[in-house]
Amino acid sequence: MILKVLYQSGGEPVSGVKISEAAGISRVAVWKHIKALKQAGVDIKALPTGYALQDPGNLLYPFCFPKNIQDKIFYFPELDSTMDQARRMARQGVRHASCVIAEVQTASRGRLNRPWDAARGGLWFTLILKPDLPPPLAWTVNFAASACMSEVLAGLFDLDVRVKWPNDLLLKGRKLSGMLSEMETRADMVDLLFLGIGLNVNNEPKSDQYQAISLKTALGKPVSRKQVLIRFLDLFESRITAVDPARIISQWKERTATIGTEVRVQTHDRVYEGKALDVDDTGALIVKGLDGITRKIIYGDCFHP
């Protein structure tokens with residue numbers, strides 16, 4: 001309640017008296033709650049006229065979002081993994097496109113079970129999707145998501161954000177975002193699809209982790225995580241309402257950094273090197289190897305040397 005009151009003030013100071021009346025607690029209790037919020041990383045400034053929230057665009061609580069999606073936003077200060085929490089919550093019957101967000105993840109993972117640094121300041125979330133899709137078309141969700149995020153970031157910040165097969169985002173050749181999807185099937189249809197997305201926003205990713213970069217580093221200033229997420233959710237949901245694989249592939253290709261590039265693709269048991277020629281209508285990467293043989297690679301981790 002205290003944080004909601006401060007957020008709704010639009011950055012203007014709110015007196016301890018008003019907060020105590022709104023929350024129904026004493027002024028001493030208000031001070032204790034404010035102290036706990038600050039220790040949790042919320043930027044609140046104590047002024048002579050009251051308390052003021054310094055960075056409302058960085059808050060990701062449900063009340064920060066448009067009313068029509070507030071009941072689909074689930075925020076946690078810390079989780080082991082948003083993907084694992086999403087699986088637990090899916091059993092509780094949450095709505096399609098519900099979004100599980102963590103300020104910090106302690107056991108996050110990327111593709112091929114690689115660890116992912118998910119410290120405070122980044123945008124870490126998993127979408128719980130219930131698409132009307134057969135399993136062979138589940139890949140379209142990943143491609144749609146990466147293309148959507150690329151478009152959102154380009155539109156908001158005028159950045160040349162590119163997609164790397166199968167679904168990473170690159171900025172200046174460095175990793176800005178990673179995505180991971182896992183699904184559960186029922187009969188011949190997808191029952192649940194969990195789409196985990198990690199986007200480096202206002203955090204400082206480790207320099208040795210995939211040559212990572214954040215939006216804050218690229219722009220020289222912090223940006224609104226809330227604005228990014230709202231724009232992404234709106235665009236992404238419109239794209240997957242009626243899945244059109246050809247359209248999704250076309251939109252993805254418009255933003256690709258992979259096609260036409262020399263690549264190294266690592267699967268569970270092999271490494272392929274060569275030139276990426278295309279992505280076909282199943283989402284597979286077509287690579288002409290150093291041995292001259294053209295291969296279709298369905299799954300793997302792609303690197304641009």
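Values below: every heavy atom of this structure, side chains too, minus hydrogens, waters and symmetry copies. This structure is a prediction, so every number in the text was calculated from the model and none was measured.
You'll find the side chain of Ile44 reaches within 4.5 Å of the side chain of Leu53, heavy atoms only. Two residues are said to be in side-chain contact when any heavy atoms from C-beta on lie closer than 4.5 Å; Phe232 and Leu123 fail this criterion. Looking at Val17 and Arg27, their side chains come closer than 4.5 Å, going by heavy atoms from C-beta outward. You'll find the side chain of Trp165 stays beyond 4.5 Å of the side chain of Val287, heavy atoms only. You'll find the side chain of His33 stays beyond 4.5 Å of the side chain of Ile19, heavy atoms only. Under the 4.5 Å side-chain criterion, counting only non-hydrogen atoms from C-beta, Asp278 is in contact with Lys253. Side-chain contact check for Val190 versus Leu129: every heavy-atom pair is 4.5 Å or farther apart. Side chains of Val42 and Leu6 form no contact here, defined as non-hydrogen atoms less than 4.5 Å apart.
Heavy atoms only, all atoms of each residue included: Lys296 and Asp280 are closest at CE-OD2, 3.1 Å. Considering every non-hydrogen atom in both Ala212 and Pro205, the closest pair reads CB-CB, 3.6 Å. Minimum interatomic distance between Ser181 and Asn142 (heavy atoms only, all atoms of both residues): OG-ND2, 2.9 Å. Of all the heavy atoms in Lys72 and Ala97, the pair that sits closest is NZ-CB, 3.8 Å. Contact detail for Leu156 and Arg231: the closest heavy-atom pair is CD2-NH1, 3.1 Å. In terms of heavy atoms, Cys99 sits closest to Phe125 at SG-CD1, 3.7 Å.
For Arg247, the CZ atom sits in a packed shell: over 12 heavy atoms of surrounding residues, nucleotides or ligands are nearer than 6.0 Å. For Leu277, the CG atom counts as densely surrounded, since its 6.0 Å shell holds more than 12 non-hydrogen atoms of other residues, nucleotides or ligands. Within 6.0 Å of NZ in Lys4 there are 12 or fewer heavy atoms belonging to other residues, nucleotides or ligands. Around CE of Met189, the count of heavy atoms belonging to other residues, nucleotides or ligands within 6.0 Å exceeds 12. Remark: Lys226 NZ is packed, more than 12 non-hydrogen atoms of other residues, nucleotides or ligands lying under 6.0 Å away. Heavy atoms from other residues, nucleotides or ligands lying under 6.0 Å from NZ of Lys18 number 12 at most.
In terms of modelled atom types and a separation under 3.5 Å, the side chain of Ser177 and the main chain of Asp168 share no donor-acceptor contact. Remark: the backbone N or O of Thr82 is paired with a side-chain donor or acceptor of Gln105 at under 3.5 angstrom. Of the possible donor and acceptor atoms, none in the side chain of Asp160 sits under 3.5 Å from a partner among the backbone N and O of Lys172. Remark: side-chain polar atoms of Ser224 are paired, donor with acceptor, to backbone N or O of Gly57 under 3.5 angstrom. Side chain of Thr126 to main chain of Val100: no donor-acceptor pair is present (N/O by atom type, distance under 3.5 Å, no hydrogens or angles). A side-chain donor-acceptor contact under 3.5 Å links Arg225 to the backbone of Gly122.
Both Leu235 and Ile240 belong to a single network of hydrophobic side chains, linked directly or stepwise wherever heavy atoms of I, L, V, M, F, W or Y lie under 4.5 Å apart. In terms of hydrophobic clustering, with Ile, Leu, Val, Met, Phe, Trp and Tyr side chains grouped at heavy-atom distances under 4.5 Å, Tyr272 and Val263 are assigned to a common cluster. Hydrophobic clustering places Leu229 together with Leu219 (ILVMFWY residues linked when any side-chain heavy atoms are closer than 4.5 Å, directly or through intermediates). Linking Ile, Leu, Val, Met, Phe, Trp and Tyr whenever their side-chain heavy atoms come within less than 4.5 Å puts Met1 and Tyr7 in one cluster. Placement of Val141 and Met183 within a single hydrophobic cluster is found when ILVMFWY residues are connected by side-chain heavy-atom separations under 4.5 Å, directly or transitively.
Going from atom CD1 of Ile213 over to atom CG of Asn200 covers 9.0 Å, rounded to the nearest 0.5 Å. Taking NZ of Lys221 as the start and CZ of Phe157 as the end, the distance is 8.5 Å to the nearest 0.5 Å. Residue Leu290 holds its CG atom at 12.5 Å from NZ of Lys275, rounded to the nearest 0.5 Å. Rounding to the nearest 0.5 Å gives a distance of 11.0 Å between OG of Ser81 and CZ of Phe194. Between the SG atom of Cys302 and the CD atom of Gln266 there is a distance of 11.0 Å, given to the nearest 0.5 Å. Note that OG1 of Thr267 is 8.0 Å distant from CD1 of Ile297, once rounded to the nearest 0.5 Å.
The only option from Phe63, Tyr61, Trp124 that meets the ring pair (Phe, Tyr, Trp, His ring centres under 6.0 Å) definition with Tyr75 turns out to be Tyr61. Tyr51 pairs with exactly one of Ile34, Ile2, Leu37 by the side chain to side chain contact (heavy atoms under 4.5 Å, CB included) rule, that one being Ile34. Under the side chain to side chain contact (heavy atoms under 4.5 Å, CB included) test applied with Phe236, the options Ile197, Val152, Thr241, Leu195 reduce to a single match, Leu195.
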Verify side-chain contact (heavy atoms from CB on, under 4.5 Å) between Arg255 and Val161, making sure each step is shown before the conclusion. CA-CA 8 Å; Arg255 314 199 68 81; Val161 177; 5.7 Å; no
Test side-chain contact (heavy atoms from CB on, under 4.5 Å) on Leu153 and Leu176; report intermediate values, then the result. CA-CA 11 Å; Leu153 298 177; Leu176 180 66; 3.6 Å; yes
Check the pair Phe65 / Ile230 against side-chain contact (heavy atoms from CB on, under 4.5 Å), numbers first and verdict last. CA-CA 7 Å; Phe65 292 81; Ile230 289 174; 3.5 Å; yes
Please walk me through it: do Met149 and Val228 pass side-chain contact (heavy atoms from CB on, under 4.5 Å)? CA-CA 8 Å; Met149 186 64 84; Val228 171; 4.0 Å; yes
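Residue pairs meeting the salt bridge (Lys or Arg N to Asp or Glu O under 4.0 Å) criterion with at least one member in residues 142-159, sequence neighbours excluded, are Glu151-Arg239.
Side chains of Asp43 and Asn58: a donor-acceptor N/O pair is absent below 3.5 angstrom, by distance only.
Taking the six-membered ring where tryptophan is involved, the planes of Trp252 and Phe143 are tilted, since the angle between them lies from 30° to 60°.
Salt bridge Asp80/Arg88: present, at least one basic N to carboxylate O contact under 4.0 Å.
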